[in-house]
Amino acid sequence: MSTAENWDLIIIGAGPAGLTAAQYGARANLRTLVLEQLAPGGQALLIEALENYPGNVGLTDPGGTRIAEPRTGFEFAQDLQRQAEAFGARILTEQVTGLRKEGDRFVLTLGNGETRAAGAVILATGAEHRLLGIPGEKEFTGRGVSYCATCDGPFFRNKRIFVAGGGDSACDEAQYLSRLSSQVVLVHRRDRLRAQKALAERTLKNPRIEVRFNTVIREIRGEGKVSSLVLERSDNAGKGTGETWEEGADAVFVFVGAAPRSSLAFKAEKDENGYILTSQGMESSVPGLFAAGDVRSSPFRQVVVAAGEGAVAAHCAAGYLDALAGS
Ligand code: NAP
């Protein structure tokens, strides 16, 4: 048996799901540890205006003047962290490299070689951005190719910026980039956007964003940094038609979806895309191992959903631990 430092509940990942689970775990009197390899906040940190989170509204005075904007994902994440810590959860910056079950305890191996143990674990590791997988993408990453508009957008002020993708992320980030440049071109492989209606409409109406449907990026070219793209006309299924051309570009921001970070849960059942399957109580097929947020198989990936799932997971983890202790 391992002699690892013992906790009631360990949460892996400090995005909205993990931080909400931490708050609920700590409030349920569980000794709760959150392990996050990067900064708390997860992908929410990248959201420019978290305008669809319930209650996070912008304010307009009776005369119609805008007096407050919705909080950013960054501000929201800071509040979640403060709230979880205020209730007693401990949040550490550590990568988890291994997860195994020894009897009724989970043992986690950390990047620094140490181990931690817990009676229940909530995996809230989220998902990571997908690549386009085209020539030039890896070569020019950090030199014109980016996956984060708020991080790298300011380097391309007034430049010709391409955005790849047609979902919420692509539209959200194109909106942000359009404040830095009037030459934003959003390239989508189909004939309509996948993003939520309000966001899609705003993107289509934005005079600083040119939306190009039925177009895919086939190659990114340049010398030392991005200078042009090879584009191809695509049909409505997103397949290339063979008609290609080259256009000047200074940057490409890629937002073509995400893949789950579910490899730690190697024994848990997953769907065909690798997302973790759970019960209504967020418990995976491994008893005591819960999943919440973007890593979980779900029809709707939103901050509000992640937070809700985090609360359910912590509540049910507390019930699992009670049952384990025979109380
Ligand atoms: P997504 O909804 O999966 O959209 C990915 C987009 O990229 C789709 O339009 C897809 O095209 C396109 N795509 C995929 N692979 C491609 C390729 N190889 N080449 C070209 N295009 C490709 O992903 P997302 O926009 O990152 O959003 C992920 C989740 O987070 C969603 O559930 C979303 O609602 C949520 N989210 C919400 C907000 C918000 O509410 N403000 C903001 C960001 C994200 P097809 O349409 O042809 O499949």
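Just follow the structure's listing: the first ligand is 1, and inside any ligand the first atom is 1. Computed from heavy atoms alone, side chains included, the values below leave out hydrogens, waters and symmetry copies.
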Protein heavy atom at shortest distance from [atom]:
atom: atom 28 (C) of ligand 1; value: S169 OG, 4.4 Å
atom: atom 45 (P) of ligand 1; value: R190 NE, 3.2 Å
atom: atom 40 (O) of ligand 1; value: N52 ND2, 2.7 Å
atom: atom 16 (C) of ligand 1; value: R189 NH1, 3.3 Å
atom: atom 38 (C) of ligand 1; value: D168 CB, 3.6 Å

Of all the atoms in ligand 1, which lie at a distance below 4.0 Å from a heavy atom belonging to [X]?
X: L132; answer: 19 (N)
X: Q196; answer: 39 (C), 40 (O)
X: F255; answer: 7 (O)

Side chain, backbone, both or neither: which part of [X] comes within less than 4.0 Å of ligand 1 when only heavy atoms are counted?
X: V256; value: both
X: F300; value: neither
X: R130; value: side chain

Worksheet item: Among G257, P299, G167, which residue places a heavy atom closest to atom 3 (O) of ligand 1?
Response: G257
Practice prompt. Return the option from Q302, R301, R194 holding the heavy atom at the smallest distance from atom 4 (O) of ligand 1.
Written response: R194
Return yes if a side-chain donor-acceptor contact under 3.5 Å exists between [X] and [Y], otherwise no.
X: W7; Y: E5; answer: yes
X: E232; Y: T215; answer: no
X: E246; Y: S228; answer: yes

Does the distance from a Lys or Arg side-chain N to an Asp or Glu carboxylate O, for [X] and [Y], drop under 4.0 Å?
X: R190; Y: D235; value: no
X: R116; Y: E114; value: yes
X: R212; Y: E247; value: yes

Discussion item. Are F76 and Y53, when compared by the centres of their aromatic rings, separated by less than 6.0 Å?
Written reply: yes
Practice prompt. Report yes or no: does H129 have a heavy atom closer than 4.0 Å to ligand 1?
Written response: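 H129 does not count as a contact of ligand 1 under the 4.0 Å cut-off.
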Worksheet item: Just wondering, do L229 and V187 contact through their side chains at under 4.5 Å, heavy atoms?
Response: no
Worksheet item: How long is the gap from CG on L321 to CG on N29, to the nearest 0.5 Å?
Response: 12.5 Å
Fill in: Pairwise distance CG(N56) to CZ(R71) - rounded to 0.5 angstrom
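The distance works out to 4.5 Å.
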Worksheet item: What about V216: any of its N or O atoms under 3.5 Å from an N or O on ligand 1?
Response: no
